[in-house]
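The basis for the numbers below is simple: all heavy atoms, side chains too, and nothing from hydrogens, waters or symmetry mates. Everything numeric here is computed off the predicted structure, so don't read it as measured data.
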Amino acid sequence: MSQVYEGYERQYCELSANLSRKCNSVAALPEGEKKKQEVFELQAGLDDADVLIRKMDLEARSLQPSVKATLLAKLREYKSDLNKLKREVKKLTRPNSNQPGNEELLESGRSGMHEASANQRDRLAMSTERLDQSTDRLRETRRAALETEELGVSILEDLHQQRETLLHSHNKLYEVDSAIDKSKKVLSSMSRRLSRNKWIVGSIILALILAIMLVLYFKIFH
């Protein structure tokens with residue numbers, strides 16, 4: 001459950017219990033200014049309770065569906081209890097039969113003023129709630145942007161290191177390729193020398209054979 005919702009619920013339960021106790025004590029008071037003042041305070045407390053109910057409703061609707069269903073069901077019970085309390089307070093505002101009619105008009109006007117004031121407070125509370133939620137979303141967006149920026153910097157650093165590694169490997173391959181070319185040239189030169197030496201050795205052997213044959217010829221026929 002949301003901690004914000006729990007805070008509103010705790011405030012509402014305390015306020016509702018206080019209003020219920022006060023309603024019972026005011027009902028025992030005789031008609032007079034003191035009772036009117038107490039009733040006025042009760043009506044202001046009911047307005048505050050309405051605001052808390054609306055806040056809980058907004059908070060509950062922003063939660064996950066499984067949690068939201070449970071909280072909304074509990075809210076319906078709170079609203080029902082609050083409506084009963086409102087009816088009890090309304091009974092306290094009813095004038096006696098021997099009171100003049102203008103007293104009833106006065107109470108009606110006062111009730112209308114309370115209702116208008118309650119509506120204004122409700123709208124203000126809803127606007128404040130939306131502003132807080134927007135601020136929270138902006139904070140989350142800023143935090144996500146900072147995390148994305150840090151991740152991008154880390155990726156760039158990794159890419160830079162990989163580029164340096166590739167350049168180093170490329171230089172090594174170039175050096176190996178140069179060494180291979182030099183080895184090929186040396187082998188080609190050695191192969192040419194070997195071929196030339198074969199021809200020289202063959203010529204020497206052929207000359208020796210001819211010389212031996214000439215020596216034998218002269219020895220045999222002369």
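To the nearest 0.5 Å, atoms CD (Q161) and CD (E164) are separated by 9.0 Å. To the nearest 0.5 Å, atoms CG (L151) and CG (L156) are separated by 9.5 Å. Taking CG of L42 as the reference point, atom OG of S25 lies at 7.5 Å (rounded to 0.5 Å). Taking CD of E59 as the reference point, atom CD of E6 lies at 10.5 Å (rounded to 0.5 Å). One finds the CD atom of E9 at 7.5 Å from the CG atom of L71 (value rounded to the nearest 0.5 Å). Taken from OG in S178 to NZ in K182, the straight-line distance is 6.5 Å, to the nearest 0.5 Å.
Considering every non-hydrogen atom in both K68 and A60, the closest pair reads CG-O, 3.2 Å. The two residues D50 and L82 make their nearest non-hydrogen contact at OD1-CD2, 3.2 Å. Taking each heavy atom of V26 and K35 in turn, the nearest pair found is O-CE, 3.8 Å. Nearest heavy-atom pair across L15 and G45 is CD2-O, 3.5 Å. Nearest heavy-atom pair, S20 versus L85, reported as atom, atom and distance to 0.1 Å: CA-CD1, 4.0 Å. A pairwise comparison of heavy atoms in A27 and L92 identifies CA-CD2, 3.6 Å as the closest pair.
A donor-acceptor contact shorter than 3.5 Å links the side chain of S188 to the backbone of K184. Remark: the backbone N or O of A179 is paired with a side-chain donor or acceptor of S183 at under 3.5 angstrom. Under a 3.5 Å cut-off, the side chain of D177 and the backbone N or O of L173 do not form any donor-acceptor pair. A donor-acceptor contact shorter than 3.5 Å is absent between the side chain of S191 and the backbone of L187.
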**OP:** Go through the steps for R61 and D57 under the test salt bridge (charged side-chain N to carboxylate O under 4.0 Å, His left out), then give the verdict.
**Re:** CA-CA 6 Å; R61 294 180 187 280; D57 186 74; 2.9 Å; yes
**OP:** Starting from the C-alpha separation in whole Å, work towards a yes-or-no answer on side chain to side chain contact (heavy atoms under 4.5 Å, CB included) for T165 and H168.
**Re:** CA-CA 5 Å; T165 303; H168 182 70; 5.7 Å; no
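Contacts of E147 classified as salt bridge (Lys or Arg N to Asp or Glu O under 4.0 Å), with partners at least two apart in sequence or in another chain: R143.
In this structure the side chain of K22 reaches within 4.5 angstrom of the side chain of E41, judged on heavy atoms. Here the side chains of E14 and R10 are in contact, with some heavy-atom distance below 4.5 Å.
Applying the ring pair (Phe, Tyr, Trp, His ring centres under 6.0 Å) test to every pair with at least one member in residues 42-90, sequence neighbours left out, gives these pairs: Y12-Y78.
Judged by distance alone, the side chains of N24 and R21 never bring a donor and an acceptor atom under 3.5 Å apart.
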Identify every side-chain donor-acceptor pair in residues 198-215 under 3.5 Å, counting partners at least two apart or on other chains, and give the distances.
residue: S203; atom: OG; partner: W199; partner atom: O; Å: 2.8

